[in-house]
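Note sheet for the following structure.
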Amino acid sequence: MRLSRYFLPILKETPKEAEIVSHRLMLRAGMIRQQSAGIYSWLPLGLRVLRKIERIVEEEQARAGAIQMLMPTLQSADLWRESGRYDAYGKEMLRIQDRHERDMLYGPTNEEMITDIFRSYVRSYKDLPLNLYHIQWKFRDEVRPRFGVMRGREFLMKDAYSFDIDQEKAVESYNRMFVAYLRTYKRMGLTAIPMRAETGPIGGDLSHEFIVLAETGESAVFCHADYLTKDVPGEDLDFNSDLTPIVKDWTSHYAATEDVVDMAEFEGTVPEEKRISARGIEVGQTFYFGTKYSEPMGAKVATSEGTEVPVHMGSYGVGVSRLLGAIIEANHDDEGIIWPASVAPFHVGLINLKPGDELSDGACEALYAKLEAAGIEVLYDDTDTRAGAKFATMDLIGLPFQVVAGPRGLKDGVLEVKDRRTGEKELLSPEATFDKLKAALTV
RNA sequence: CGGGGCAUAGCGCAGCCUGGUAGCGCAUCUGGUUUGGGACCAGAGGGUCGCAAGUUCGAAUCUUGCUGCCCCGACCA
């Protein structure tokens with residue numbers, strides 16, 4: 001992408017409404033624009049990152065056997081009356097009426113709807129296990145939206161729903177999602193720790209919150225330091241195998257948020273030098289809630305004995321839009337964002353220091369074409385502005401690598417390659433530059 | 001929902017106390033000089049001062065109501 005033809009509205013000054021660093025940087029980098037309290041437009045750069053995150057989530061859901069679909073944002077109140085949550089949910093649910101004065105709502109979650117879909121089609125244990133998910137916009141009318149996309153009212157969420165014949169099988173489904181989450185966050189460059197969770201208004205027995213440690217996290221968390229270095233299963237993992245040992249390992253040490261923490265247990269089971277008490281951001285949650293919805297809504301399946309039982313369910317959320325904030329909170333410095341390559345809006349920022357100069361233009365065009373042909377995404381700054389402004393912009397938007405091309409270096413046949421994270425700069429020939437980037441960015 | 005604050009040009013702000021029809025920096029546009037870490041000079045454009053009512057000869061400024069947004073708390077992915 002040529003910057004001269006792109007839409008990247010950078011802000012030099014920080015808008016006053018932004019308090020925390022991820023919100024500030026997202027506004028300054030031209031990723032989002034607030035349209036109303038807790039409701040944002042996604043500008044081109046922000047949308048690219050959002051899509052990258054979705055892609056990783058989709059790949060890992062598929063690996064774990066979940067099947068993607070799409071449910072609407074607007075729902076009929078009738079389904080929610082069946083589960084009893086229409087009255088229970090409170091003011092966080094945005095209620096609206098259509099022209100026939102029928103009660104509708106903008107979905108804050110989809111348990112009722114997926115249960116309705118399930119009961120309409122599935123009758124037999126032979127069709128289980130089943131895990132259906134979608135990635136869709138949700139709305140929760142928070143009393144006080146804040147922190148940009150971290151706590152918006154409208155947010156993009158992946159929610160998966162598992163269906164099993166009994167509790168034992170449901171736990172297997174739960175474990176598959178649990179392990180998928182470990183992999184999902186890892187691929188985004190995050191260390192997410194599964195912590196004991198309150199089951200909240202959704203209800204249930206077995207539940208974990210996946211927490212990313214960050215100074216600006218919304219809640220205090222307490223955990224064992226070994227979680228920070230624990231291995232995450234690789235791509236070769238067979239999701240049809242018994243995942244219990246992995247889940248067991250990842251839940252073997254103490255980890256809890258302030259809502260449920262038992263300080264005596266924390267201090268009793270974690271040696272002092274291994275105790276971490278920090279702040280964290282919740283980026284996902286897994287629940288097993290049994291027959292909480294299937295029972296009242298009549299979602300039953302036939303067992304192998306021919307009897308009918310309510311299906312056992314679980315739900316598994318990932319805060320997709322919120323992850324942008326979490327990733328930035330965990331990856332930034334004073335100059336701006338530092339994207340992990342897997343979610344970076346572009347891989348490389350190519351800076352032409354002197355557009356119009358034959359040497360600079362030639363070197364940039366050649367490298368630009370070569371990188372793009374190799375599947376590396378390049379934001380090519382071909383604009384006629386000053387060097388300082390170009391560097392500042394690239395640092396702000398945080399692409400993993402910057403390549404600087406100008407007459408001074410090209411006289412000696414070299415480009416400058418900068419690693420955004422370490423700040424290290426190297427002078428390399430165009431060929432060596434390409435080879436280095438290709439090696440660093442191709443998995 | 002309780003407490004606090006803000007609303008003046010695209011962004012950040014001053015002016016308000018003590019009424020006299022609006023200003024600064026950045027950004028934008030034009031011309032020139034510059035050009036390897038957010039340039040400089042000269043000029044230009046851009047504002048129903050959030051909305052409505054009231055007081056007054058006169059309101060950005062004083063009064064009342066409304067709306068929007070932000071912060072702290074309670075609540076949540």
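The sequence lines fix the lettering, A, B, ..., with proteins before strands; numbering per chain opens at 1. Hydrogens, waters and symmetry mates play no part in the numbers below; they use all other heavy atoms, side chains included. What you are looking at is a predicted structure, and each value in this text was computed from that prediction instead of being measured.
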Side chain of [X] - closest among [options]:
X	options	value
Ala387(A)	C1(B), A77(B), G36(B)	G36(B)
Glu13(A)	A74(B), G25(B), G37(B)	G25(B)
Glu282(A)	A77(B), G37(B), G73(B)	A77(B)
Glu142(A)	A77(B), G12(B), G36(B)	A77(B)
Glu218(A)	C76(B), C75(B), C71(B)	C76(B)
Lys12(A)	A27(B), G36(B), C76(B)	A27(B)
Arg144(A)	G73(B), G36(B), C76(B)	G73(B)

With a 3.5 Å limit on both atom pairs, tell me what [N] is paired to, counting Watson-Crick and G-U wobble, or say none.
N	answer
G31(B)	C41(B)
C69(B)	G5(B)
U56(B)	none
C76(B)	none
C13(B)	G23(B)

Report the residue from Glu82(A), Glu112(A), Arg85(A) that forms a side chain to side chain donor-acceptor pair (under 3.5 Å) with Tyr293(A).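 For Tyr293(A), the side chain to side chain donor-acceptor pair (under 3.5 Å) test succeeds with only one of Glu82(A), Glu112(A), Arg85(A), which is Arg85(A).
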Would you call the rings of [X] and [Y] parallel, tilted or perpendicular, where under 30° means parallel and over 60° means perpendicular?
X	Y	result
Phe222(A)	Phe266(A)	perpendicular
Tyr185(A)	Tyr181(A)	perpendicular
Tyr106(A)	Phe139(A)	tilted
His23(A)	Tyr40(A)	perpendicular

Using the [atom1] atom as the point on both nucleotides, what is the distance between [M] and [N], in whole Å?
N	M	atom1	value
C62(B)	G25(B)	C1'	30 Å
U30(B)	U48(B)	P	24 Å
G47(B)	A9(B)	P	11 Å

[N] phosphate, OP1 or OP2: any side-chain N/O from [X] under 4.0 angstrom?
X	N	result
Arg140(A)	C75(B)	no
Ser36(A)	C69(B)	yes
Arg386(A)	G38(B)	no
Lys16(A)	C11(B)	no

Round to the nearest Å and state the distance from [X] atom [atom1] to [N] atom [atom2].
X	N	atom1	atom2	value
Leu323(A)	A77(B)	CG	C1'	10 Å
Glu19(A)	G4(B)	CD	C1'	14 Å
Leu27(A)	C69(B)	CG	C1'	13 Å

Under 3.5 Å, is there any donor-acceptor pair linking the side chain of Arg146(A) to the base of G73(B)?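 Per atom types, no contact qualifies.
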C75(B) base to Arg151(A) side chain: any donor-acceptor pair below 3.5 Å?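 Under the 3.5 Å cut-off, the side chain and the base do form a donor-acceptor pair.
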Need to verify one output field. Residue with the more 5' nearest nucleotide on RNA chain B, Gln34(A) or Leu396(A)?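 It is Leu396(A) whose nearest nucleotide is closer to the 5' end.
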Arg33(A) or Met150(A), whichever maps to the more 5' nucleotide of RNA chain B: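 Nearest nucleotide further toward 5': that of Arg33(A).
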Compute the ring centroids of Tyr89(A) and Trp80(A), then answer whether they are less than 6.0 Å apart.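 Yes, ring centres under 6.0 Å apart.
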Can you confirm whether Lys230(A) is buried at NZ, in the sense that more than 12 heavy atoms of other residues, nucleotides or ligands lie under 6.0 Å from that atom?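 Buried by this count: over 12 neighbours within 6.0 Å.
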Just checking [X]: base, sugar-phosphate only, or nothing, at a heavy-atom cut-off of under 4.0 Å?
X	answer
Pro407(A)	base
Thr385(A)	nothing
Ala392(A)	base
Gly409(A)	base
Gly317(A)	nothing
Leu11(A)	nothing

Would you call Phe155(A) stacked on A77(B), i.e. ring centres under 5.5 Å apart with the planes less than 30° off parallel?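 Stack criterion met.
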